[in-house]
Amino acid sequence: MTVRVTEEPFDPGAEIAAFNTAHGHAGALATFTGYCRAATAGRPVGTLYIEQYPGFTQREIQRLADDVSRQLGTLDLLVVHRVGAIRPGEAIVLVAAMAAHRAEAFDAVRLLMDYLKTDAPLWKKESGPDGDRWIEPTAHDHARRAKAGEKV
Amino acid sequence: MTVRVTEEPFDPGAEIAAFNTAHGHAGALATFTGYCRAATAGRPVGTLYIEQYPGFTQREIQRLADDVSRQLGTLDLLVVHRVGAIRPGEAIVLVAAMAAHRAEAFDAVRLLMDYLKTDAPLWKKESGPDGDRWIEPTAHDHARRAKAGEKV
Amino acid sequence: MARLVFLGRFREIANPALAQVTLPGGVRTLAGLKDWLAEAEPALGKALDSARTQIAVNQVLVRDPSHPIVHDDEIAFLPPMSGG
Amino acid sequence: MARLVFLGRFREIANPALAQVTLPGGVRTLAGLKDWLAEAEPALGKALDSARTQIAVNQVLVRDPSHPIVHDDEIAFLPPMSGG
C-alpha cells in the first residue's frame with residue numbers, strides 16, 4: 001500500500017502505469033482521479049488551496065486505506081493526494097485499487113473516496129475573482145459516506 | 001467517445017494518460033482495467049483466446065457505450081478491448097469515463113463493464129494444461145447486469 | 001452464394017466449406033436455413049438449437065425466424081457472448 | 001512552552017504568536033486551554049467553539065476535554081475536514 005501527500009503536480013496516467021506494472025496478474029484494477037474544476041456551481045475558480053497537517057494527514061489517510069483494504073480484501077491500494085496551491089485542470093486526488101475481481105476493486109475505490117471526502121484531514125480554500133472561501137463537507141457528503149460504509 | 005477493438009497488447013496507463021490529457025478540466029475520471037489472470041478458480045490458465053465478429057463487435061460495443069453515456073450524462077468514454085491470443089498478466093479490457101462529478105464517472109464505468117460482460121459480441125476460450133474450454137456468462141453476470149441496469 | 005459465419009464454439013463444429021455456400025432453392029428464410037443446416041450437419045444443428053443462439057443478417061441481429069434470405073447475405077450464428 | 005497548531009480557517013484567525021506559547025500555570029487540560037484561548041482571543045475562541053472542531057494532542061485525536069496538557073505538547077485545532 002502506498003499513500004503519498006505531495007505539494008508537486010502529479011500525472012495520474014504515469015502513477016497508474018507504475019502501480020499496475022507491479023501487479024500485472026491481479027485481475028482487476030479500478031481507479032479514480034479528481035481534478036480541479038475551472039468552476040464550481042457556476043462560480044469560476046482561480047486557484048484551489050489545500051492545507052494539510054504535516055505527518056498527521058499522511059497517517060490518517062493511511063489508516064482510512066488500511067480500513068478499506070481490510071473490509072474489501074484488496075491486494076493493493078494507491079492514494080496520491082495533492083496539497084498546496086492547485087490550478088484548474090490539475091489532478092487533486094488519485095485512488096487506485098488492485099483486487100482479484102472487479103466488484104472488490106470498484107467498491108474499494110468508491111469507499112475510499114467517500115472516506116477521504118469526509119475524514120481526510122485536509123482543508124480546502126477556493127480563491128476566485130470575488131474572494132476566498134473555505135469549503136466544508138456537505139450533509140450530502142456525510143450521507144453518502146454513511147451509506148457507503150453500510151453497503152459494503 | 002472512443003471504442004477500439006485490438007489484436008495488439010495495450011498499456012492501460014498510457015491509454016488513461018492520453019484520455020485524460022484531452023479532458024483535464026472535467027472534474028472526475030474513473031477507470032477499470034481487467035487483466036488476464038494466471039489462474040481461474042484454482043485452474044491455471046495458459047492462454048486466453050478472445051474471438052470477435054469483425055465490424056459487428058466494434059459497432060455493438062459502441063452502441064453499449066452510447067447507451068451508458070446517454071443514461072449517465074458522461075462527458076467522454078473510452079473502451080479498449082483486446083481480442084486474439086492473450087497471455088496472463090496482459091490487459092483484456094479498459095473502460096474510462098470522464099464526468100463532471102464522481103458518482104457519474106463511477107456509475108458509467110461500472111455499468112459499461114456490466115454491459116460488456118453479457119452483451120459484447122466476444123467469445124472467450126481458455127487454454128490450459130488440461131485442454132481448452134469456451135466460457136459463457138454466468139447466471140451471476142446476468143443478474144448483476146439486470147440489477148445495474150435498474151439501479152442507475 | 002450466401003456467406004455463413006460461425007462464431008466461437010460454433011466455428012469449431014462447423015464445416016469450413018459452409019463459409020461460402022450455395023443454398024438450395026427451397027431455403028428462403030432463417031428457419032429454413034436452420035432446418036437445412038440441421039440436416040446437412042447434425043452436430044452443428046444441435047449446437048445451434050438453443051434460445052440463446054443469436055443470428056445476425058448482414059451484421060444486424062434478427063430475431064424473426066421468417067426473416068427472408070437473399071443472394072449474397074452474410075448470416076452469422078452467435079453463441080452466448082462472454083465479453084469483458 | 002506548548003506548540004499550538006491551527007489548521008484551515010482557524011489559522012487565518014489565530015494570532016501567529018500562539019504557535020509557540022507559554023501557557024499560564026492554571027491551564028492543565030484541553031478544556032482549560034480552550035477557556036484561556038476564548039479569553040485571550042475572543043474571535044478565535046468563538047470559531048473553535050463547535051462540536052465539529054477536533055483536537056489532536058501530539059498528532060493523536062483526543063475527545064476528552066479533561067485530557068491533561070504537559071510541557072512541549074503539540075496541540076492542534078482542526079476545523080471540519082474537506083479532503084478528496
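Just so it is clear: chains get the letters A, B, ... in the order the sequence lines come, proteins before strands, and each one is counted from 1.
Taking all atoms of both residues into account, the shortest heavy-atom contact from A56(C) to Y53(B) is CB-CE2, 4.4 Å.
The closest side-chain heavy-atom distance from V60(C) to F56(B) is not below 4.5 Å.
Taking CZ of R9(C) as the reference point, atom NZ of K125(B) lies at 12.5 Å (rounded to 0.5 Å). In this structure, CD in E60(B) is found 5.5 Å from CG in L61(C), a value given to the nearest 0.5 Å. Here L78(C) contributes atom CG and T57(B) contributes atom OG1; the two are 8.0 Å apart, rounded to the nearest 0.5 Å.
The environment of R87(B) atom CZ is sparse: at most 12 non-hydrogen atoms of other residues, nucleotides or ligands sit within 6.0 angstrom. Counting heavy atoms of neighbouring residues, nucleotides and ligands inside a 6.0 Å radius, atom CZ of R28(C) does not exceed 12 of them.
No part of F10(C) comes within reach of chain B, as not one of its non-hydrogen atoms sits under 4.5 angstrom from that chain. With a threshold of 4.5 angstrom between heavy atoms, E12(C) approaches chain B through side-chain atoms but not through N, CA, C or O. Looking at Y49(B), only its side chain comes within 4.5 Å of chain C, counting heavy atoms on both sides. Contacts between R82(B) and chain C at a heavy-atom distance below 4.5 Å are absent for every atom of the residue.
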Starting from the C-alpha separation in whole Å, work towards a yes-or-no answer on side chain to side chain contact (heavy atoms under 4.5 Å, CB included) for E136(B) and M81(C).
CA-CA 6 Å; E136(B) 300 201 349; M81(C) 298 154 177; over 6 Å; no
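Between the side chain of W123(B) and the backbone N or O of P79(C), at least one donor-acceptor pair lies under 3.5 Å.
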